[in-house]
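Here is the structure we will look at.
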Amino acid sequence: MKKALFTLSAVALFLITGCDSGSKTNGKAIDISGKTKQEVFMLHPWDLSSWLDSSSQDQIDNIEACMKDDYYTFTSTSQVQVNRNSIKCTAGETNDVFPWSMSDANATQVTLFTYNWDIASMTGEQIVLRRKYYFNIGGTTVDMYSKVVLKKH
C-alpha cells in the first residue's frame with residue numbers, strides 16, 4: 001500500500017511540474033541573469049495576459065476580446081509594436097507602434113500604455129506591472145489599483 005501511494009504521489013508530482021511547457025525553453029527557464037530590465041522587455045514578444053483594475057468594491061478585466069490575441073514586441077528602447085492577430089477591434093486594423101520608456105536600463109518603473117507602472121516582478125517568461133491611481137466615483141475619490149501581466153508569446 002505504501003509503495004502504491006508513493007508511486008501515485010511521484011506520478012502526480014511529475015504531472016504537476018511537467019505541464020508548464022509553454023513557459024520554458026527546451027524544458028529550462030529563460031535565464032535573465034546579467035540582463036537589464038530593459039533587455040528583458042526586448043527579449044521576445046509578449047502576450048497581454050491580464051489587465052485588471054480593482055478597488056475595494058470590484059475588479060474589472062480591461063482586455064477587450066479583440067485585444068486578447070495581440071502580442072507586443074519591444075523593438076527598441078523607445079518603441080513597442082502591437083502585432084494584431086486575427087480578431088480586429090476595427091475593420092482594416094493594422095499593427096501599430098507606440099512609445100515606451102524607462103528612465104534607465106534597470107529602472108523600477110516603466111512608462112507603457114501611457115501610464116507609469118512599477119515593475120512588480122520579472123522573469124524570462126512573465127512581467128508583472130502595477131500602479132495605483134485615484135478615480136472619482138459619484139463625487140468620492142477611490143484608490144484604484146491596476147495590475148498588468150505580460151507572458152512570453
Side-chain angles (χ1 to χ4, degrees), residues 14-153:
F14 174 77
L15 290 174
I16 290 168
T17 59
C19 290
D20 193 24
S21 62
S23 68
K24 311 275 183 196
T25 303
N26 296 328
K28 295 182 181 180
I30 297 171
D31 183 14
I32 61 170
S33 59
K35 296 196 180 304
T36 66
K37 291 178 181 176
Q38 199 170 53
E39 289 172 328
V40 174
F41 276 98
M42 297 187 305
L43 193 59
H44 49 72
W46 298 92
D47 293 325
L48 180 58
S49 171
S50 168
W51 183 327
L52 297 175
D53 280 333
S54 64
S55 67
S56 59
Q57 291 87 18
D58 57 14
Q59 185 166 303
I60 304 162
D61 183 356
N62 283 324
I63 304 177
E64 296 177 38
C66 59
M67 295 171 60
K68 290 188 179 193
D69 70 339
D70 297 348
Y71 63 96
Y72 300 79
T73 305
F74 295 81
T75 57
S76 71
T77 59
S78 63
Q79 291 186 327
V80 58
Q81 180 172 328
V82 180
N83 302 283
R84 309 286 183 200
N85 270 328
S86 58
I87 303 172
K88 307 292 184 198
C89 293
T90 58
E93 184 177 48
T94 60
N95 295 346
D96 291 313
V97 175
F98 294 98
W100 78 287
S101 64
M102 296 176 75
S103 60
D104 67 66
N106 270 316
T108 59
Q109 291 190 325
V110 59
T111 301
L112 180 62
F113 309 122
T114 69
Y115 301 114
N116 293 323
W117 299 89
D118 292 323
I119 300 171
S121 65
M122 178 178 276
T123 67
E125 293 85 23
Q126 178 175 287
I127 300 172
V128 178
L129 306 174
R130 295 184 186 273
R131 74 183 185 102
K132 178 182 178 181
Y133 64 100
Y134 304 100
F135 189 75
N136 190 321
I137 301 175
T140 303
T141 301
V142 178
D143 290 348
M144 296 290 288
Y145 302 89
S146 287
K147 176 184 173 187
V148 165
V149 178
L150 302 171
K151 290 193 176 181
K152 180 182 178 292
H153 178 71

Between [X] and [Y], which heavy-atom pair has the shortest distance, and what is it?
| X | Y | answer |
| --- | --- | --- |
| Gln126 | Lys151 | OE1-CE, 3.0 Å |
| Gly124 | Ile30 | O-CD1, 3.4 Å |
| Lys152 | Trp46 | N-CE3, 3.5 Å |

**Report entry** Crowding at OH, Tyr133 (>12 non-hydrogen neighbours, <6.0 Å)
**Finding:** yes
Requested in this report: Please check if atom CD in Glu64 has more than 12 non-hydrogen atoms from other residues, nucleotides or ligands closer than 6.0 Å.
Outcome: no
Query raised in the report: Strictly by modelled atom types, are Thr141 and Asn136 linked by a side-chain donor-acceptor pair under 3.5 Å?
Result: no
Report task. Verify side-chain contact (heavy atoms from CB on, under 4.5 Å) between Cys89 and Met67, making sure each step is shown before the conclusion. Result -> CA-CA 7 Å; Cys89 293; Met67 295 171 60; 4.0 Å; yes
Report yes if some heavy atom in the side chain of [X] is under 4.5 Å from a heavy atom in the side chain of [Y]; otherwise report no.
| X | Y | answer |
| --- | --- | --- |
| Asp143 | Tyr134 | yes |
| Met122 | Phe41 | yes |
| Val110 | Gln38 | no |

Requested in this report: Pick out which of Asn116, Leu112, Val149, Asp118 makes a side-chain contact (heavy atoms from CB on, under 4.5 Å) with Leu129.
Outcome: Leu112
Report task. From the options Leu48, Leu150, Val82, Asp47, select the one residue that forms a side-chain contact (heavy atoms from CB on, under 4.5 Å) with Tyr71. Result -> Asp47
Query raised in the report: Could you go step by step and tell me if Asn95 and Asn83 meet the side-chain contact (heavy atoms from CB on, under 4.5 Å) rule?
Result: CA-CA 5 Å; Asn95 295 346; Asn83 302 283; 3.8 Å; yes
So does [Y] get a backbone contact from the side chain of [X], meaning a donor-acceptor N/O pair under 3.5 Å?
| X | Y | value |
| --- | --- | --- |
| Thr123 | Glu125 | yes |
| Asp69 | Ser86 | yes |
| Asn106 | Thr36 | no |

Query raised in the report: With respect to Trp100, which candidate in Trp117, Phe113, Phe74 satisfies the ring-ring contact (aromatic ring centres under 6.0 Å, His included) definition?
Result: Phe74
[X] [atom1] to [Y] [atom2] distance, which is reported to the nearest 0.5 Å:
| X | Y | atom1 | atom2 | answer |
| --- | --- | --- | --- | --- |
| Ile32 | Lys35 | CD1 | NZ | 9.0 Å |
| Ser78 | Met102 | OG | CE | 13.0 Å |
| Ser49 | His153 | OG | NE2 | 13.0 Å |
| Arg131 | Gln109 | CZ | CD | 12.0 Å |
| Asn85 | Cys66 | CG | SG | 12.0 Å |

Query raised in the report: Hey, is Asp96 close enough to Arg84 for a salt bridge, meaning N to O under 4.0 Å?
Result: yes
Query raised in the report: Yes or no on side-chain contact (heavy atoms from CB on, under 4.5 Å) for Met42 and Thr77, after CA distance, side-chain angles and deciding distance?
Result: CA-CA 8 Å; Met42 297 187 305; Thr77 59; 3.9 Å; yes
